[in-house]
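Heads up, the thing below is written out as C-alpha cells.
These numbers were taken from a predicted model, which means no experiment stands behind them.
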Amino acid sequence: MIEITSNQPDNILAFTAHGQVTGEDYESVLIPAVEAKLKEHRKIRLLYHLDNDFLGFDAKALWDDTKVGFQHLTAWAKIAVVSDNKWVLGATKIFGFIWPCPVKVFDNNHLAQANEWLKV
C-alpha cells in the first residue's frame, strides 16, 4: 500500500509505503499524484518512505516505478529515499547516479533529516 504523506510544502510530493506495494498502488495513488503535481510545478521534490512494515514490490510496481521515473526524468528536483531495507538503499545508491538530480538515501531513523534535506 502507498499513501500520500500530508503536511508537506507545495513542491514536495511525499509517499509512505506499507506492506506489499503493487502495481495497482502505483496506478491509483502514486502516478496520479505525480501527474497532478507536475501540472502545478515544472520540477518536484520526491520523498519516498518505505516504512518499517514494508515487505516489497510486486513486478508490476517495479515496472511502474521505472516507467514513471523515466517518463519524467527531468521533472525531479531532488529525490530522498527513506528505508531500512538494504536492497532498496543499495539499488537507490547504484541507480541514483543516472538521475539528473540529487538523490540521497536515509534510514528510517532519519526521516526528519530527509524532509529537511528536500526543503533546502
Assigning hydrophobic clusters by single linkage (Ile, Leu, Val, Met, Phe, Trp, Tyr; side-chain heavy-atom cutoff under 4.5 Å), is Leu50 placed with Leu46?
yes
Let me see the working for Asp25 and Gln20 under side chain to side chain donor-acceptor pair (under 3.5 Å), right down to the final yes or no.
CA-CA 10 Å; Asp25 295 324; Gln20 184 72 18; over 6 Å; no
As a quick check of understanding, evaluate side chain to side chain contact (heavy atoms under 4.5 Å, CB included) for Glu24 and Lys60, giving each step before the final call.
CA-CA 8 Å; Glu24 175 61 29; Lys60 178 77 169 105; over 6 Å; no
Quick one, Lys67 with Asp64, criterion side chain to side chain contact (heavy atoms under 4.5 Å, CB included). Give me CA distance, side-chain angles, the key distance, then yes/no.
CA-CA 5 Å; Lys67 195 168 61 174; Asp64 283 344; 3.6 Å; yes
Going from CG on Leu118 to CG on Asn11, what distance comes out if it is rounded to the nearest 0.5 angstrom?
9.0 Å
Which residue in the set Asn108, Thr16, Asn85 passes side chain to side chain contact (heavy atoms under 4.5 Å, CB included) when paired with Phe54?
Asn85
If we only count heavy atoms from C-beta on, is the Leu73 to Pro100 side-chain gap below 4.5 Å?
yes
Dump the intermediate steps for side chain to side chain contact (heavy atoms under 4.5 Å, CB included) on His41 and Asp10, then the final yes or no.
CA-CA 9 Å; His41 300 279; Asp10 192 49; 2.6 Å; yes
Output the distance between atom OG1 (Thr5) and atom CG (Asn115), rounded to the nearest 0.5 Å.
8.0 Å
Donor-acceptor pair, Arg45 side chain versus Ala80 backbone, under 3.5 Å?
no
Please find the pair of heavy atoms, one from Ala75 and one from Leu38, that lie closest to each other, and give the distance.
CB-CD2, 3.5 Å
Would you find a donor on one side and an acceptor on the other, under 3.5 Å apart, between the side chain of Lys78 and the backbone of Cys101?
no
Can you measure from OH (Tyr26) to CG (Leu62) and round to the nearest 0.5 angstrom?
7.5 Å
Would you find a donor on one side and an acceptor on the other, under 3.5 Å apart, between the side chain of Asp51 and the backbone of Asp53?
no
Co-membership, hydrophobic cluster, residues Val103 and Leu47, 4.5 Å side-chain:
no
Is it true that atom NZ of Lys93 has more than 12 heavy atoms of other residues, nucleotides or ligands lying nearer than 6.0 Å?
no
Val34 and Trp76, any side-chain heavy atoms less than 4.5 Å apart:
yes
Hey, can you tell me if Phe57 and Tyr48 have their rings parallel, tilted or perpendicular (30° and 60° cut-offs)?
perpendicular
Taking the side chain from Asp84 and the backbone from Asn52, do they hold a donor-acceptor pair closer than 3.5 Å?
no
Under a single-linkage definition using a 4.5 Å side-chain heavy-atom cutoff for Ile, Leu, Val, Met, Phe, Trp and Tyr, are Val68 and Val81 assigned to the same hydrophobic cluster?
yes
Can Val88 be reached from Trp117 by stepping across I, L, V, M, F, W or Y side chains whose heavy atoms are under 4.5 Å apart?
no
Sidechain-backbone polar pair: His18 side chain, Glu3 backbone, donor-acceptor under 3.5 Å
no
Is there a continuous path of hydrophobic side-chain contacts, each under 4.5 Å between heavy atoms, that joins Ile31 to Ile79?
yes
Can you tell me how far the NZ atom of Lys37 sits from the NE2 atom of His72, to the nearest 0.5 Å?
14.0 Å
